[in-house]
Amino acid sequence: MSWGFLRDLLSGVNKYSTGIGRIWIAIVFIFRLLVYVVAAENVWKYEHDEFECNTKQPGCENVCFDHFFPVSQIRLWALQLITVSTPSLLVVFHVAYRENREKRHKQKLYRSTGKIDGGLLCTYLISLILKTGFEIVFLVLFYKLYNGFEVPRLVQCDMRPCPNAVDCYISKPTEKMIFLYFLVATSGVCIVLNVSELSYLIFKYSIKCYMKTSSKKQHSSKSDCH
Amino acid sequence: MDWGALHAILGGVNKHSTSIGKIWLTVLFIFRIMILVVAAERVWGDEQQDFVCNTLQPGCKNVCYDHFFPISHIRLWALQLIFVSTPALLVAMHVAYTRHEKKRRLRNGEKINIEEMKNERIHIQGPLWWTYTSSIFFRIIFEAVFMYTFYYMYDGYQMPRLVKCNAWPCPNTVDCFVSRPTEKTMFTIFMLAVSGICILLNLAELCYLVIKVCMRERRKST
């Protein structure tokens, strides 16, 4: 069970996505998941071992590290990736439900089980709203937990059992900051893609609805005439 | 999810590439990604643990390491490889879009042989030529940008044995020793050479595509 599982799940979603949705999936795979696995994970690998405080007091480093990093940035990143990818599964479940229904009733109930219309459109829109919501929630969480996206070289810690305010040094702060900004940039791009996909779908189906109702009105007015 | 997944994604693009494109993809996977994973990562694996400064001052080593290596070579190479591979996806998306359009025409009643459509090799002409050429152009730009970034960040491509650091809290100028500098320099030069070869391959492919289109236009006009 690893990231490959998520990748396989999301590949299934690809079939039922719009063009923008497929671009979103490609960006999540390549610029977020792949970068996380091949590069970012290693930057945070020894973060606790390399966190050094200017004191010999046992326990001080542990307590200070725990105080400044309640949840490690890399774990928050992983949670964000998982949370943001899962709303897409709602669409897969809905399509599976439609296919099951057709099998049970042994007749064609839908024009195409994978076509985004009717109930599936609602599910798709809900999944987009949830994805965007989760992205924003995690970005806000990052910002609040770590006072912005900057990683300082030095933090001052005066938790017990540290004897007084001690200087603690974080390892690779610049590299971590670069990767955090990269995370923010890719999240931003994904939010923009989700919002554009939402607008595109709402616009497309409003126009379709409007055309349907206006052509129905034309038909009914013609029949009145004859 | 790792480099193997990228290989699977890009493998599909291979079908629609020119011969030079296929050579480029092979060089990318064998001489860059594979070397990165099986060799270079081990060389840089212990980089901070074995970065030693001539002081007992806590924090001095961390700060000096961060000052001289704002981003590790390995991570920069990984990002370079990801960025350089992604323009090929533009081609994959264009091909997928073309197939989707053909399927739509099939649904609307036009007679198209399904089997032939699935296995057919889409020729690089028309709009696909522009997409393909832009992807090569972006590849060259990304390679050049990353090579320059390396040069600018590390003052050249050589890894020094010793760096002198006086960032706070180091008490004064201390000597810090980089681990495995010669091995790192060799790998840096190797990766630089292969990037250069990839740029040359991309330029050759670009010239080939431009010449091909010019010859086609000339044949059409005569």
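These numbers come from the heavy atoms of this one structure, side chains and all, not from hydrogens, waters or symmetry mates. So you know, we letter chains A, B, ... as the sequences are listed, proteins then strands, and number each from 1.
A 6.0 Å sphere centred on CZ of A/F149 holds more than 12 heavy atoms belonging to other residues, nucleotides or ligands. Few gaps surround CE on B/M153; more than 12 heavy atoms of other groups in view lie less than 6.0 Å from it. Counting non-hydrogen atoms of neighbouring residues, nucleotides and ligands closer than 6.0 angstrom, the CD1 atom of A/I207 exceeds 12 such neighbours. In this structure, B/F177 places its CZ atom where more than 12 heavy-atom neighbours from other residues, nucleotides or ligands lie under 6.0 Å away. Other residues, nucleotides and ligands contribute at most 12 non-hydrogen atoms within 6.0 Å of the OH atom of A/Y200. Heavy-atom contacts from other residues, nucleotides or ligands closer than 6.0 Å to CZ of B/F68 number more than 12. Atom OH of A/Y143 is surrounded by 12 or fewer heavy atoms from other residues, nucleotides or ligands within 6.0 Å. Heavy atoms from other residues, nucleotides or ligands lying under 6.0 Å from OH of B/Y151 number 12 at most.
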Checklist line | From CA spacing to verdict: side-chain contact (heavy atoms from CB on, under 4.5 Å), B/W168, A/L154 | finding: CA-CA 10 Å; B/W168 194 86; A/L154 158 75; 3.4 Å; yes
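B/L79 CG to A/F31 CZ: the interatomic distance, rounded to the nearest 0.5 Å, is 9.5 Å. Here A/L34 contributes atom CG and B/I82 contributes atom CD1; the two are 4.0 Å apart, rounded to the nearest 0.5 Å.
By a heavy-atom distance cut of under 4.5 Å, B/P58, B/G59, B/N62, B/V63, B/Y65, B/D66 are the residues of residues 58-66 of chain B near chain A, going up by number. Residues of residues 16-27 of chain A lying under 4.5 angstrom from chain B, judged on non-hydrogen atoms, are A/I23, A/A26 in numerical order. Of residues 159-175 of chain A, those residues lying under 4.5 Å from chain B by any heavy-atom pair are A/D167, A/Y169, A/I170, A/S171, A/K172, A/P173, A/T174, A/E175.
In terms of heavy-atom pairs under 4.5 Å with chain A, the best-connected choice from B/Q57, B/H67, B/M93, B/Q48 is B/Q48. Of the listed residues (A/D8, A/T55, A/V35), the greatest number of heavy-atom pairs within a distance under 4.5 Å of chain B belongs to A/V35. For the options B/A96, B/S85, B/A167, B/P70, heavy-atom pairs under 4.5 Å to chain A are most numerous at B/P70.
In this structure, chain B has no heavy atom under 4.5 Å from any part of A/Y36.
Residues passing the side-chain hydrogen bond (donor to acceptor under 3.5 Å, both in side chains) test with A/S127: none are found, sequence neighbours excluded.
The two residues A/V38 and B/A78 come nearest to each other via the heavy atoms CG2-CB, 4.0 Å.
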